[in-house]
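Contents: one structure, followed by commentary.
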Amino acid sequence: MISVNTNIGAMAAIQNLASTNRDLQITQNAISTGKKVASAKDNGAIWSIANKMTADVMAYGRVRESNERASAILDTAIAASESIMELLNEMKGKALAATQPGLSAASQAALAADFAQMRDQITNVIANASFDGANMVGATPASAISLGDAAGGNNITIAGANLSLAGTVVTVTATSAVDTAVNAATALGLVNTSINNLGTQMATWGAGSKRLDVHREFVSKLSDALNTGIGAITDADLSKESAKLQSLQVKQQLGIQALSIANSSAQSALSLFR
């Protein structure tokens, strides 16, 4: 049937061309963004999953930053404890030398002065062993705390220790001296105890530092795995999209040609009245 009011062929051509244009737009968006699922309207379920995973990746970034801060705080404490250990080792030598009987007054005084300087330097080391306001070796020691997961739970805590004079670790007191052989013997005992206690504490912190390193590496690998998963479900295969683009462009041209043919069919009605 020839009709100038209803062009069935044109309507079909328009519908097919509209469908082709929609597919072409989707393909062009995939090529321009590099993603087959760039928004919720592309695929709501996949987009929701990818968005949740992306949020986890961002959260693990904060976990990594927290881990790095805790590591820095702990490294500062370890550096301070190493300095204190060096001082204690030197103090041991001074105290041992001061226990010798028959030392001249000048020698005893020189040893006592050196010992006192090293003893007081321990306090100075502790006072400067802070990172971002946290001091793990002070009289009220802070702890190095790292976030453990993206949910904010399972924190990793490395406890601080008071390395101040006359404490439970460094038992040398602020008045310990080697001005006499008797005092030197007492000081030597305190120094030896301090060296043993500090060695144990440093071993504990060393294990804690290793734990933070292992956790940081795990978080990094987990973030990489999540990013890989996000890419697998949202990234476009550009080789396929390129081939699809060319196919749709040809289909679009054919659709336009079909619509042109359908539109010209009404012209044939004029020949019936000649």
Side-chain angles (χ1 to χ4, degrees), residues 63 65-99 109-148 152-180 182-216:
V63 171
E65 291 173 359
S66 173
N67 181 285
E68 291 169 351
R69 179 181 181 274
S71 293
I73 293 172
L74 182 56
D75 287 345
T76 302
I78 291 175
S81 65
E82 289 173 348
S83 296
I84 293 173
M85 182 64 84
E86 291 177 2
L87 289 169
L88 288 172
N89 288 334
E90 292 188 29
M91 289 166 64
K92 179 176 180 177
K94 300 298 181 182
L96 181 61
T99 61
L111 290 171
D114 288 346
F115 184 91
Q117 290 294 325
M118 295 174 189
R119 178 199 64 202
D120 295 342
Q121 182 59 24
I122 292 176
T123 301
N124 292 333
V125 170
I126 292 171
N128 289 281
S130 295
F131 181 89
D132 193 25
N135 190 324
M136 292 185 66
V137 300
T140 306
S143 296
I145 303 174
S146 169
L147 293 172
N154 302 315
N155 291 341
I156 297 174
T157 301
I158 310 299
N162 180 12
L163 302 187
S164 301
L165 296 174
T168 58
V169 178
V170 178
T171 57
V172 175
T173 69
T175 58
S176 293
V178 295
D179 53 341
T180 66
V182 174
N183 288 340
T186 301
L188 180 61
L190 294 175
V191 169
N192 285 331
T193 300
S194 299
I195 290 173
N196 290 335
N197 292 344
L198 184 56
T200 300
Q201 184 59 56
M202 291 176 68
T204 300
W205 282 342
S209 179
K210 181 64 176 178
R211 182 183 178 189
L212 290 174
D213 289 343
V214 170
H215 188 64
R216 181 165 58 251

Sort and list the pairs that fulfil salt bridge (charged side-chain N to carboxylate O under 4.0 Å, His left out) and have at least one residue in residues 165-176, not counting sequence neighbours. none
Among all residues two or more places apart in sequence or in another chain, which pass the salt bridge (charged side-chain N to carboxylate O under 4.0 Å, His left out) test with Asp114? Lys94
Between the main-chain N or O of Ser176 and the side-chain N or O of Thr173, is there a donor-acceptor pair closer than 3.5 Å? yes
Please tabulate, for side-chain N and O atoms in residues 66-74, each donor-acceptor pair with protein atoms closer than 3.5 Å (sequence neighbours left out).
{"unit_1": "Ser66", "atom_1": "OG", "unit_2": "Leu147", "atom_2": "N", "d": "2.9"}
{"unit_1": "Asn67", "atom_1": "OD1", "unit_2": "Arg216", "atom_2": "NH1", "d": "2.5"}
{"unit_1": "Asn67", "atom_1": "ND2", "unit_2": "Leu212", "atom_2": "O", "d": "3.1"}
{"unit_1": "Arg69", "atom_1": "NE", "unit_2": "Asp132", "atom_2": "OD2", "d": "2.7"}
{"unit_1": "Arg69", "atom_1": "NH2", "unit_2": "Asp132", "atom_2": "OD2", "d": "3.1"}
{"unit_1": "Ser71", "atom_1": "OG", "unit_2": "Asn67", "atom_2": "O", "d": "3.0"}
{"unit_1": "Ser71", "atom_1": "OG", "unit_2": "Arg216", "atom_2": "NH1", "d": "3.0"}

Identify the heavy atoms of Ser130 and Asn135 that sit nearest to each other, and give their distance. OG-ND2, 3.3 Å
Which pairs with one or both residues in residues 153-167 pass salt bridge (charged side-chain N to carboxylate O under 4.0 Å, His left out), sequence neighbours excluded? none
Heavy-atom closest contact (Pro141 atom, Met136 atom, distance): CB-O, 3.3 Å
Value for CD1 (Ile84) from CE (Met91), rounded to nearest 0.5 Å, stands at 10.5 Å
By side chain to side chain contact (heavy atoms under 4.5 Å, CB included) - contacts of Ala95 (at least two apart): Phe115, Val178, Leu188
Not counting sequence neighbours, which residues clear side-chain hydrogen bond (donor to acceptor under 3.5 Å, both in side chains) with Ser146? List them please. none
So the salt bridge (charged side-chain N to carboxylate O under 4.0 Å, His left out) pairs with at least one residue in residues 160-169 (sequence neighbours excluded) are none
Could I get the full list of salt bridge (charged side-chain N to carboxylate O under 4.0 Å, His left out) partners for Glu86, not counting sequence neighbours? none
For residues 156-172, please give each side-chain donor-acceptor pair under 3.5 Å, one per line with the distance, not counting sequence neighbours.
{"unit_1": "Asn162", "atom_1": "OD1", "unit_2": "Ser164", "atom_2": "N", "d": "2.9"}
{"unit_1": "Asn162", "atom_1": "OD1", "unit_2": "Ser164", "atom_2": "OG", "d": "2.7"}
{"unit_1": "Thr171", "atom_1": "OG1", "unit_2": "Leu190", "atom_2": "O", "d": "3.0"}
{"unit_1": "Thr171", "atom_1": "OG1", "unit_2": "Ser194", "atom_2": "OG", "d": "3.1"}

What pairs with Glu82 under side-chain hydrogen bond (donor to acceptor under 3.5 Å, both in side chains), at least two apart in sequence or on another chain? none
Got a sec, which residues hit side-chain hydrogen bond (donor to acceptor under 3.5 Å, both in side chains) with Asn192, two or more places apart in sequence or on another chain? Lys92
Please round to the nearest 0.5 Å and tell me the distance separating atom CE of Met118 and atom CG of Leu88. 10.5 Å
Heavy-atom donor-acceptor pair, Ser81 side chain to Ile78 backbone, under 3.5 Å: yes
If I take atom OG from residue Ser143 and atom CG from residue Asn155, how far apart are they, to the nearest 0.5 angstrom? 11.5 Å
Output all residues satisfying side-chain hydrogen bond (donor to acceptor under 3.5 Å, both in side chains) with Asn124, sequence neighbours left out; order by chain, then residue number. Gln121
Considering all heavy atoms of both residues, which atom of Val125 and which atom of Ser83 are nearest to each other, and what is their separation? CG1-CB, 4.2 Å
Which value, rounded to the nearest 0.5 Å, describes the distance between Ile122 atom CD1 and Met85 atom CE? 10.5 Å
